[in-house]
There are 2 protein chains.
Amino acid sequence: MTKLVKTITNSPVPAMNPRISDSALRRLSHYMRFLEAFEAAGRGTVSSEELADRGGTTSAQVRKDLSHFGSFGKRGLGYPVPELRARLAAILGIDRRWNVALVGAGKLGAALHAYDGFRRRGFHVVAVFDADSRKIGRRWGSLTVEDVACLETSVREKEVEIGIVVTPADAAQEVADAMVEAGITAILNFAPAKLVLPENVTLRDVNLAIELEALCFALTHDGWIVGR
Amino acid sequence: MTKLVKTITNSPVPAMNPRISDSALRRLSHYMRFLEAFEAAGRGTVSSEELADRGGTTSAQVRKDLSHFGSFGKRGLGYPVPELRARLAAILGIDRRWNVALVGAGKLGAALHAYDGFRRRGFHVVAVFDADSRKIGRRWGSLTVEDVACLETSVREKEVEIGIVVTPADAAQEVADAMVEAGITAILNFAPAKLVLPENVTLRDVNLAIELEALCFALTHDGWIVGR
DNA sequence: TATTGTGAAAGGGTTCACAGCG
DNA sequence: CGCTGTGAACCCTTTCACAATA
């Protein structure tokens, strides 16, 4: 989950470079946000320096990151804000709607479902599943909590492309397997479990305990500082 | 938030090595979990190979990671499970209780508050704050939602060391400032905002939109595969 | 013999510095 | 002149390979 290696060449983005690091990808998301702010502020142009200042990187880093996908700036001038924002949106793949399914109708699932930031970025939760018969049938806004046993049918019907696992750790693997079976190839996993998935499925983990433990490490080792 | 650089040498852990990468730190958390499983299974000893298999790394990586903090194994035998688990817990700083404050009594805050995995690892949510007068005074289990204006007093009184920001983006910076004012030096931020904090404060961000965008990138660039 | 601990080599991400161009 | 785009240098992380040793 650290690098991306090019294998075929039919993607919508020209992609001169075959690789991009996970950290570069994260930075692109940040630039995206900064560009939205600049655009809202009516700025027509930004320099790599300005983009860098906002995100705690360097201008060289910004230029390198962008250069993986083409050259969008004008020398002596900087980058045209609306154009670059649009190009970045296309590169990240957020210039369209994505259907998302949540599995696990617990508190965390509810929080994600209610989170407005998702919808605003084109992520639509179109299905919620659970294994608990007391939760199945409940209304979640315009959705009804479905039986996880119906996952495959429903996911195919609703054209879900992204799955979010918000179950307890012990259910996570079988839920992920069902997602894969239903044709989902991108999974965001909040369960503290190491999922084993086919090569063609992209997985990202969000592990809250690990983040807290990293904070503890820093607190415990007071003589160590967290470097940039 | 990528490296740790040693500056003083009075930490409880000997720490022969002055640096450890963020990725190594994450792996240590994973080893911790595997060791707990091995211990529960009654295993007296594990090899770096076995630890690596579970976590998708290599045995050399495991040995290197551990070697930053000392040498815990026996050549030809492997690592003693209970001892290594205890040592790792001490290294990560999770061999004690940590008091945590949540700011933002919304759905995500509620989910984190209810999350059992935290308490099980020694993280105790001892205070919840919000700015919304309709939420202030509500009972959350044994806690009462407090006015964020009282944050400093309450945080000092309850000896909170870790703060979790679960507010909307526009409130995040001032909440973080208040936390720092109250003496908190470790912050976990869920708000999609770039926080600016003093050097001595450790910050970690969990940005759900960025994780989803990375999935989109992978889905959009179908010819690219996510490498290890 | 099996497996650790670790220098040395390899790999790859970041920074530097400057040529190229508006 | 100002700022981008980029090859080269640098630096850090991972991998390799083997000496050390229970």
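Below, read A as the first sequence line, B as the second, and so on, with proteins coming before strands; counting in each chain starts at 1.
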Item to check | Euclidean distance, atom CG of residue B:Asp65 to atom C1' of D:dT14 [Å, nearest integer] | outcome: 10 Å

Checklist entry - Would you say a side-chain N or O of B:Tyr79 is under 4.0 Å from OP1 or OP2 of C:dG5? => result yes

Next on the checklist: If you compare every side-chain N and O of B:Ser71 against the phosphate oxygens of C:dG5 (OP1, OP2), does one of them come in below 4.0 Å?
Outcome noted: yes

Checklist entry - Rounding to a whole Å, what distance do you find between B:Lys64:NZ and C:dT4:C1'? => result 12 Å

Checklist entry - Is it true that a side-chain atom of A:Trp98 and a backbone atom of B:Leu212 form a donor plus acceptor pair closer than 3.5 Å? => result no

Checklist entry - Hey, are A:Glu211 and B:Arg26 close enough for a salt bridge, meaning a charged N less than 4.0 Å from a carboxylate O? => result yes

Next on the checklist: Using whole Å, what does the distance between atom C1' of nucleotide C:dG13 and atom CG of A:Asp22 come to?
Outcome noted: 12 Å

Next on the checklist: Taking 4.0 Å as the cut-off, does a side-chain nitrogen or oxygen of B:Gln61 come that near to OP1 or OP2 on D:dT15?
Outcome noted: yes

Checklist entry - Taking only N and O in the side chain of A:Ser48, is any of them less than 4.0 Å away from OP1 or OP2 of D:dC3? => result no

Next on the checklist: D:dC3, OP1 or OP2 - any side-chain N/O from A:Ser59 closer than 4.0 Å?
Outcome noted: no

Checklist outcome for this item: Between CG of B:Leu25 and C1' of D:dT13 the distance, given in whole Å, is 15 Å

Item to check | Note, A:Val46 side chain near A:Phe34 side chain (heavy atom, < 4.5 Å) | outcome: no

Item to check | Footprint string (nucleotides 17-22 of chain D, 5' to 3'): B base within contact, S backbone only, - free, heavy atoms under 4.0 Å | outcome: B-BBBB

Checklist outcome for this item: note: B:Leu84, atom CG; C:dT3, atom C1'; distance rounded to Å ~ 14 Å

Checklist entry - Any side-chain N or O of A:Ser21 less than 4.0 Å from the OP1 or OP2 oxygen of C:dG13? => result no

Next on the checklist: Without decimals, in angstroms, what is the distance between A:Leu51 CG and D:dG5 P?
Outcome noted: 12 Å

Item to check | Gap between atoms CG and C1', on B:Leu28 and D:dT13 respectively (whole Å) | outcome: 14 Å

Contacts table for residues 183-196 of chain B: side-chain donor-acceptor under 3.5 angstrom, sequence neighbours left out:
unit_1, atom_1, unit_2, atom_2, d
B:Asn189, OD1, B:Ala191, N, 2.9
B:Asn189, ND2, B:Ala191, O, 3.0
B:Asn189, ND2, B:Ala193, O, 3.3
B:Asn189, ND2, B:Asp205, OD1, 2.7

Item to check | A:Val148 side chain near A:Val103 side chain, heavy-atom distance below 4.5 Å | outcome: yes

Next on the checklist: Quick one, B:Val165 and B:Met179 - any side-chain contact, counting heavy atoms below 4.5 Å?
Outcome noted: yes

Next on the checklist: Whole angstroms only, please: what is the CD-P distance between B:Glu50 and C:dT3?
Outcome noted: 8 Å

Checklist entry - With a 4.5 Å limit on heavy-atom distance, are the side chains of B:Leu25 and B:Leu92 in contact? => result yes

